[in-house]
Amino acid sequence: MATNPLAPDWLCLPDDANALADGLWPATIDRTPQGELLIGGCTASALAAEFGTPLYLVDETDARARAASLRAAFEAEFARIGTSVHIYYAGKAFLSTEIARWMLAEGLNIDVCSGGELAVALAAGSPPNRLGYHGNNKSLAEIDEACRVGVGTIVIDSLVEIGRVAAAAARHGIVQAVRLRVNSGVHAHTHAFLATAHEDQKFGVTLDDAAALVGLIRAEPSLDFRGLHCHIGSQIFGADGFAESASRLLAVHAALLAGGPVPELNLGGGFGIAYTLADTPTPIGELAAILADIVAAQCSALGIPVPVVAFEPGRYIIGPAGITLYEVGTTKSVDVAGNPRLYVSVDGGMSDNARPALYGADYTVRLAGRVSAADPVLVRLAGKHCESGDIVVDADYLPGDVAPGDLVAVAATGAYCWSLSNNYNFLGRPAVVAVADGIPRMLVRGETIADLLARDTGVSGSTGSTTGSTTGSTTGSTDLPKEPAR
């Protein structure tokens with residue numbers, strides 16, 4: 001059978017459209033003798049019957065193993081060059097109280113970037129000193145709360161934040177550890193919206209301004225400067241970008257040593273994963289070794305001690321551990337210049353996975369409730385929203401007899417799917433269920449229509465309360481800290 005000309009160049013016609021390729025799916029993925037998808041020892045049909053669809057599933061065993069193996073690899077490689085590492089799980093990828101507990105149990109710290117994420121991490125029982133706090137526009141209330149609870153480090157993102165963090169720390173009688181986020185000028189080989197270290201963007205300060213800002217930080221008695229931070233992007237394959245960024249940061253790091261200690265260097269995260277068979281991410285052990293060698297060589301060339309190094313992976317840990325189950329509602333074959341494409345519409349879409357619409361992200365889909373010997377056909381997995389761009393999987397092959405009522409699974413949806421989920425067209429966000437050893441456990445309850453109506457003040461009984469806003473006060477208080485005078 002020939003490849004459909006409508007298929008992108010990277011997509012190959014599969015020998016078996018039921019096959020579950022290694023590296024794309026959670027570690028425990030399998031099929032029953034009847035061909036049904038099995039994850040964490042639980043069948044797709046049983047999970048769909050109990051929790052409904054769409055449904056986010058997270059393989060707990062896989063997520064925890066990926067966290068542990070990443071930490072072990074980086075600890076071993078950086079011990080080899082005479083230093084230690086701090087690994088922060090990037091909560092923005094996907095954070096719930098249970099996920100936070102898994103990460104803490106596996107020896108990782110947690111990176112948060114809003115009052116809401118901070119509240120989730122604290123509710124999980126995270127020691128505040130194991131948290132890092134990011135954000136380009138932290139509110140006065142968020143900064144105050146971070147200092148009040150004793151967050152381990154706050155990443156200062158701009159000149160104005162120096163005074164804000166210093167004032168909050170002084171108000172609570174502490175010396176707050178801080179890092180300064182800088183732009184290394186290195187452009188990650190990734191989507192423009194995911195590249196976060198070039199100069200023309202909202203995060204951080206330029207390397208040229210770093211010394212002056214560090215001087216201002218050091219002049220504040222309530223601040224403790226720990227080092228520089230840089231994040232060059234997301235979904236990065238290879239180490240070239242990290243190598244160049246580390247080289248530039250360490251040159252500034254070395255110059256800063258003349259004015260005082262610089263004990264740490266945070267090189268960010270962004271380690272890529274495979275969403276399709278065309279993706280070839282660098283194995284994490286290999287990446288750890290390369291990065292350690294880069295840091296060691298540069299420090300040696302500069303004649304400086306190797307600092308403690310920090311990294312902030314998120315997607316690498318939780319992305320491949322997650323899948324999303326959908327039920328097929330309709331199918332429709334279209335003819336495009338004499339070539340067929342089968343539209344397979346499911347009961348979710350851009351409300352549970354916004355990445356294809358935001359970034360043009362590609363995914364892999366397979367039948368979940370059965371296998372089929374039918375010839376593979378090119379499909380486009382579409383959502384149910386009133387947007388032509390509501391596409392979950394732009395191009396993949398499924399057996400040609402895929403039909404309404406079938407369950408399908410999309411791989412590698414653990415990162416940035418639930419986090420970016422929304423209520424477009426008034427769809428409730430799906431439940432998140434962890435699976436392990438044949439036992440499903442709900443992590444986040446799915447939203448109902450009643451949940452959505454509960455915030456509508458036009459509905460009888462709805463209060464419309466804004467207490468507890470996660471972008472302003474985390475307590476609902478109107479007595480907010482004031483902007484420090486300069």
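In what follows, residues are counted from 1 in the order of the sequence shown. Only heavy atoms go into these numbers, but all of them, side chains included; no hydrogens, no water, no symmetry mates.
For the atom pair CE of Met103 and CZ of Arg64, the computed distance is 7.5 Å after rounding to the nearest 0.5 Å. Atom-to-atom distance recorded for Leu325:CG and Ile39:CD1 is 8.0 Å, nearest 0.5 angstrom. Note that CZ of Arg71 and NE2 of His86 are 13.0 Å apart. Values are rounded to the nearest 0.5 Å. Atoms CD and CG, from Glu447 and Leu452 in turn, are 5.5 Å apart once rounded to the nearest 0.5 Å. With rounding to the nearest 0.5 angstrom, the CG atom of Leu427 is 8.5 Å from the CG atom of Asp352.
Between His229 and His134, the distance from one ring center to the other falls under 6.0 angstrom. Two rings, from Tyr416 and Tyr275, have their centers 6.0 Å or more apart.
At distances below 3.5 Å, at least one donor-acceptor pair connects side-chain atoms of Glu142 with backbone N or O atoms of Gly115. Although no hydrogens or angles enter the test, the distance criterion places a donor-acceptor pair under 3.5 Å between the side chain of Asp59 and the main chain of Thr28. A distance-only check finds no donor-acceptor pair linking the side chain of Glu312 to the backbone of Ala90 [under 3.5 Å]. Side-chain atoms of Ser245 never come within 3.5 Å of backbone atoms of Gly241 as a donor-acceptor pair (strictly under, hydrogens ignored). In this structure a side-chain-to-backbone donor-acceptor pair under 3.5 Å is present from Arg130 to Leu108. A donor-acceptor pair is defined here as one N or O able to donate and one able to accept, closer than 3.5 Å; no such pair exists between the side chain of Asn136 and the backbone of Asp157.
Checked against Pro26 for a side chain to side chain contact (heavy atoms under 4.5 Å, CB included), the options Val435, Ile323, Val58 give a single hit: Ile323. Of the listed residues (Arg171, Arg164, Lys138), just one forms a salt bridge (charged side-chain N to carboxylate O under 4.0 Å, His left out) with Asp144, and that residue is Arg171.
Contact between Thr413 and Cys417 at its shortest, heavy atoms only, is O-CB, 3.3 Å. Taking each heavy atom of Pro54 and Gly348 in turn, the nearest pair found is CG-CA, 3.6 Å. Considering all non-hydrogen atoms of both residues, Ala7 and Leu11 come closest at CB-CD2, 4.3 Å. In terms of heavy atoms, Ile294 sits closest to Ala246 at CG2-CB, 4.1 Å. Of all non-hydrogen atoms in Ala431 and Met442, the two that sit nearest each other are CB-CE, 4.4 Å. Of all heavy-atom pairs between Asp451 and Gly446, the closest is OD2-O, 4.0 Å.
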**Study point:** Verdict with reasoning, Arg366 to Asp396, per salt bridge (charged side-chain N to carboxylate O under 4.0 Å, His left out)
**Key:** CA-CA 9 Å; Arg366 291 292 180 266; Asp396 203 352; 3.2 Å; yes
Check your understanding: Can Phe242 and Phe311 be said to form a ring pair (Phe, Tyr, Trp, His ring centres under 6.0 Å), step by step?
Key -> CA-CA 11 Å; Phe242 290 109; Phe311 295 95; 7.5 Å; no
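Between Phe203 and His231, the closest side-chain pair of non-hydrogen atoms is not below 4.5 Å. Val392 places a side-chain heavy atom less than 4.5 Å from the side chain of Tyr326.
Salt bridge status for Asp293 with Arg80: present, with a side-chain N to carboxylate O gap under 4.0 Å.
Counting only N and O atoms by type, the side chains of Asn266 and Tyr88 include no donor and acceptor under 3.5 Å apart. In this structure, a donor-acceptor pair under 3.5 Å is present between the side chains of Arg179 and Thr153.
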